[in-house]
Amino acid sequence: MPTRRALVGVAHDIAHHAASGLSCLSPHMAQALRQVGLASTSFDLLSDAPYPPDAAELKPLRLALGELAETAKKILACYGFTKEDIAGIELSARPAHWDSSGYVLHTRTVVAARDGRKFDSGWLQ
């Protein structure tokens, strides 16, 4: 059985991937938030249809978040966990205020274990 402490690594890896260009969240996340005047957002990445609440609907962002949710499950599996071991994965995103293009995205992931403990990546830049 993998240790719960490994969930810190899971949180960090998901946040790092979300901030990278490989996740395809940028610049779509910034566009969806800025269209409605939001500076940041948080949502459960493991929900049935992960998408920031109150953000403008953008198909490329919805597709990227679907892929990111699948990547999160793969990262969990790499550490020896399944989706059933986890109560939720909260992804927070904040586009850099100084980057008008929206390509710089600060991310944070908090993984909640079924026992109520939380494992936080901290904000990644």
Side-chain angles (χ1 to χ4, degrees):
M1 171 88 180
T3 65
R4 296 285 177 231
R5 184 178 207 149
L7 290 174
V8 172
V10 170
H12 181 270
D13 288 357
I14 293 170
H16 189 270
H17 181 74
S20 78
L22 294 174
S23 73
C24 297
L25 294 184
S26 299
H28 312 297
M29 180 68 78
Q31 292 169 349
L33 294 177
R34 289 175 179 162
Q35 281 182 19
V36 295
L38 294 175
S40 65
T41 189
S42 295
F43 56 94
D44 186 1
L45 193 55
L46 292 184
S47 69
D48 291 335
Y51 202 83
D54 301 326
E57 178 67 34
L58 294 177
K59 185 176 181 179
L61 178 58
R62 184 160 299 281
L63 293 172
L65 287 171
E67 288 299 316
L68 181 59
E70 291 303 312
T71 299
K73 291 174 194 168
K74 290 176 186 173
I75 291 171
L76 281 169
C78 286
Y79 281 85
F81 295 98
T82 67
K83 183 180 172 184
E84 289 71 33
D85 296 323
I86 306 302
I89 298 176
E90 180 182 334
L91 177 68
S92 299
R94 178 177 61 207
H97 68 278
W98 48 264
D99 176 29
S100 61
S101 69
Y103 280 95
V104 178
L105 188 65
H106 303 290
T107 57
R108 177 183 181 202
T109 303
V110 178
V111 177
R114 292 267 177 217
D115 65 6
R117 293 179 26 200
K118 294 188 177 185
F119 303 87
D120 192 335
S121 70
W123 281 98
L124 301 183
Q125 300 183 37

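All values below come from the heavy atoms of this structure, side chains included, with hydrogens, waters and symmetry mates left out. We're numbering straight along the sequence, starting at 1.
Among residues two or more places apart in sequence or in another chain, the side chain to side chain donor-acceptor pair (under 3.5 Å) test is passed with D99 by S101. Applying the salt bridge (Lys or Arg N to Asp or Glu O under 4.0 Å) rule to R62 yields the partners E57; only residues at least two apart in sequence or on another chain are considered.
Between the NZ atom in K74 and the CG atom in L68 there is a gap of 11.5 Å [rounded to 0.5 Å]. Rounding to the nearest 0.5 angstrom, the gap separating the CZ atom in R94 from the CE atom in M29 is 13.0 Å. With rounding to the nearest 0.5 angstrom, the OG1 atom of T71 is 4.0 Å from the NE2 atom of H17. Distance check: K59 NZ to H28 NE2 gives 12.5 Å after rounding to the nearest 0.5 Å. With rounding to the nearest 0.5 angstrom, the CG atom of L45 is 9.0 Å from the NZ atom of K73.
Across all their heavy atoms, L76 and V10 have their closest contact at CD2-CG1, 3.7 Å. Residue L38 comes nearest to P53 through the heavy atom pair CD1-O, 4.0 Å, listed as atom of the first residue, atom of the second, then distance. Pairing each heavy atom of L124 with each of A15, the nearest pair is CD1-CB, 3.5 Å. Contact between D85 and G80 at its shortest, heavy atoms only, is OD2-O, 4.4 Å. Listed here is the closest heavy atom pair of A55 and L33: CB-CD2, 4.1 Å. Listed here is the closest heavy atom pair of A69 and P50: CB-CG, 4.1 Å.
Cluster membership check: L91 does not share its hydrophobic cluster with L22, using side-chain heavy-atom separations under 4.5 Å among Ile, Leu, Val, Met, Phe, Trp and Tyr. Follow the hydrophobic side-chain contacts under 4.5 Å out from I14 and you reach F81 in the same cluster. Put simply, F119 and I75 are part of the same group of oily side chains (I, L, V, M, F, W, Y) that touch within less than 4.5 Å, one to the next. Residues I86 and F43 fall within the same hydrophobic cluster, defined by Ile, Leu, Val, Met, Phe, Trp and Tyr side chains chained together at heavy-atom separations under 4.5 Å.
A side-chain hydrogen bond (donor to acceptor under 3.5 Å, both in side chains) with S92 is found for exactly one of S121, S40, S42, namely S42.
Proximity of a side-chain donor or acceptor of D44 to a complementary backbone N or O of E90 within less than 3.5 Å is not detected. No donor-acceptor pair closer than 3.5 Å links the side chain of R108 to the backbone N or O of D120. Between the side chain of Y51 and the backbone N or O of L58, at least one donor-acceptor pair lies under 3.5 Å.
Annotation: side chain of T109 is in contact with side chain of V111 (closest heavy-atom distance under 4.5 Å). Counting only heavy atoms from C-beta outward, the side chains of L65 and P52 approach each other to under 4.5 Å. Considering only heavy atoms from C-beta on, R34 comes within 4.5 Å of P95 through its side chain.
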